[in-house]
Amino acid sequence: MIYTVTFNPSLDYIVSVDHFELGMTNRTASELMLPGGKGINVSIVLKQLGLDNTALGFMAGFTGEEIVRKLEESGVNADFIRISNGISRINVKLKNIDGTEINGMGPEIAPDKLEELLAQLDRLDKGDVLVLAGSIPKSMPDDIYRDILQRLESKEIMSVVDATGDLLVNVLPYRPFLIKPNHHELGELFDVTITTKQQVVPYAEKLQEKGARNVLVSMGGQGAVFVSETGEVYMAEAPEGELKNSVGAGDSLVAGFVTGWVTKGDYEHAFRMGVSTGSASAFSENLATKAEVDEVYARCEVRYCN
């Protein structure tokens, strides 16, 4: 089974506003309400690509109820822990104003509720896949991802981590199967500026030296780079298409890669699936469907660069 964890899920209110004016009453031209959070996005795309999975995390209040309802409506098994205080956050995204967002804080997670989640994770077994993705609430320790992988170290699960800064660095000694920084985040880890695919490779290899097995680096409109644990390097340009929505494209990249690997066990196919899925979501008003991914996959080109 595949499990995703979203510590701070959201209800995303995505709106477009024609001729937005500060200090004035603005009315929406379009609006959409979706469950949000990186792990949740991964879960939805996995399901749309045909893979059953369970989304774990925390939910609170009426917004939490709606997040769970929408997840179950999409076919994802949602096994969230209820928080009695506060509400799950609401994120407002003004999609036609240069990606402007207002993100809520979310509820405080008490230590006993965190223990409930850890008990859920203790049920994972050999062969299961665990995706840890996104930020964490301020109430949680910043080494929580590390603690989870340390706790599960003997289980022989396949762990995937999409996080930044210390959240990512701290898990490396526990040899995650896949990590997915973008090129800006990769540069920040080593205090360098990365602008080309060729520059990605040595720093990806440094993360492998620290423990990561496979490193997938997204570069937005420039495509992506993948460095495998077997020493293969693959690069892909971003497929052509009209950018409609960048929200969830990186999460879709992760979901596509996991789908490709789980179904065929081939790194080149997994990378191509990842790039195709991330691009298909970027070309869609919502997260990519299988039909949209298949269309992009047919024209997605991957180069072997060793």
Aromatic centroids of H269 and Y297 separated by under 6.0 Å: yes
Minimum side-chain heavy-atom gap E268-Y304 below 4.5 Å: no
Pairwise side-chain contact, V76 with I40, heavy-atom cut-off 4.5 Å (strictly under): no
P181 side chain reached by T164 side chain, heavy atoms, under 4.5 Å: no
Under 3.5 Å: donor-acceptor pair, side chain of R299, backbone of E240: yes
In one Ile/Leu/Val/Met/Phe/Trp/Tyr side-chain cluster, 4.5 Å: V215, V225: yes
Proximity of Y267 and F226 rings by center, below 6.0 Å: yes
Path from V254 to M158 over hydrophobic side-chain contacts below 4.5 Å: yes
Shortest non-hydrogen contact between L114 and F58, atoms and distance: CA-CZ, 4.1 Å
Under 3.5 Å: donor-acceptor pair, side chain of Q199, backbone of T195: yes
E116 atom CD, neighbour heavy-atom count above 12 within 6.0 Å: yes
Residue pair I2, T54: steps toward the side chain to side chain contact (heavy atoms under 4.5 Å, CB included) verdict: CA-CA 6 Å; I2 303 173; T54 297; over 6 Å; no
Spacing of L130 atom CG and L121 atom CG [to the nearest 0.5 Å]: 6.0 Å
Pair I44-Q48, side chain to side chain contact (heavy atoms under 4.5 Å, CB included): steps then yes or no: CA-CA 6 Å; I44 291 172; Q48 292 181 172; 3.7 Å; yes
Exam field: side chain Q208 to backbone V227, donor-acceptor pair closer than 3.5 Å: yes
L149 and V161, any side-chain heavy atoms less than 4.5 Å apart: yes
Side chains of D166 and D143 in contact at under 4.5 Å (non-hydrogen atoms): no
Same apolar cluster: L46 and F80, side chain cutoff 4.5 Å: no
Side-chain (N53) to main-chain (S43) donor-acceptor, under 3.5 angstrom: yes
Non-hydrogen atoms of F20 and N26 that approach each other most closely: CA-OD1, 3.4 Å
Cationic N near anionic O, under 4.0 Å, D294 to K290: yes
Nearest heavy-atom neighbours spanning L49 and A255: CD1-O, 4.3 Å
L124 side, atom CG; R151 side, atom CZ - distance, nearest 0.5 Å: 11.5 Å
Spacing of CG belonging to N286 relative to OG belonging to S281, to within rounding of 0.5 Å: 8.0 Å
Y145/Y174 aromatic ring centres below 6.0 Å: no
Check: T196 main-chain N/O paired with Q222 side-chain donor or acceptor under 3.5 Å: no
Path from L71 to V5 over hydrophobic side-chain contacts below 4.5 Å: no
Interatomic distance, S218 atom OG to D162 atom CG [nearest 0.5 angstrom]: 7.5 Å
Where C305 and M235 come nearest, the two heavy atoms and their spacing: SG-CG, 3.6 Å
Worked verdict on S252 versus T277 for side-chain hydrogen bond (donor to acceptor under 3.5 Å, both in side chains): CA-CA 6 Å; S252 299; T277 307; over 6 Å; no
Over all atoms of both residues, closest heavy-atom pair of Y13 and T28: OH-CG2, 4.0 Å
Where A236 and V275 come nearest, the two heavy atoms and their spacing: CB-CG2, 4.0 Å
Residues K155, D125; criterion salt bridge (Lys or Arg N to Asp or Glu O under 4.0 Å); working and verdict: CA-CA 6 Å; K155 298 269 192 174; D125 209 345; 5.6 Å; no
Working for side chain to side chain contact (heavy atoms under 4.5 Å, CB included), residues Y203 and K206: CA-CA 5 Å; Y203 293 105; K206 287 180 183 293; 3.9 Å; yes
Backbone of G104 reached by a side-chain donor or acceptor of N91 within 3.5 Å: yes
Side-chain donor or acceptor of N214 paired with backbone N/O of F177 under 3.5 Å: yes
Separation between CD1 of I148 and CG of L117, rounded to the nearest 0.5 Å: 6.0 Å
Side-chain (R89) to main-chain (N103) donor-acceptor, under 3.5 angstrom: no
Main-chain N/O of M59 paired to S88 side chain as donor or acceptor, under 3.5 Å: no
Expected output: side-chain N8 to main-chain M105 donor-acceptor under 3.5 Å: yes
Residues K113, E108; criterion salt bridge (Lys or Arg N to Asp or Glu O under 4.0 Å); working and verdict: CA-CA 10 Å; K113 293 299 181 180; E108 183 172 333; over 6 Å; no
Common cluster, I179/L167, ILVMFWY with side-chain heavy-atom separation under 4.5 Å: yes
Salt-bridge criterion met for K70 and E66 (N-O under 4.0 Å): yes
pair R175-E153: side-chain heavy atoms closer than 4.5 Å: no
Side chain to side chain contact (heavy atoms under 4.5 Å, CB included) evaluation trace for D52 with N77: CA-CA 8 Å; D52 289 334; N77 176 35; over 6 Å; no
Value rounded to 0.5 Å, distance of CG in L132 from OG1 in T6: 9.5 Å
Basic-acidic side-chain contact under 4.0 Å: K180, E185: no
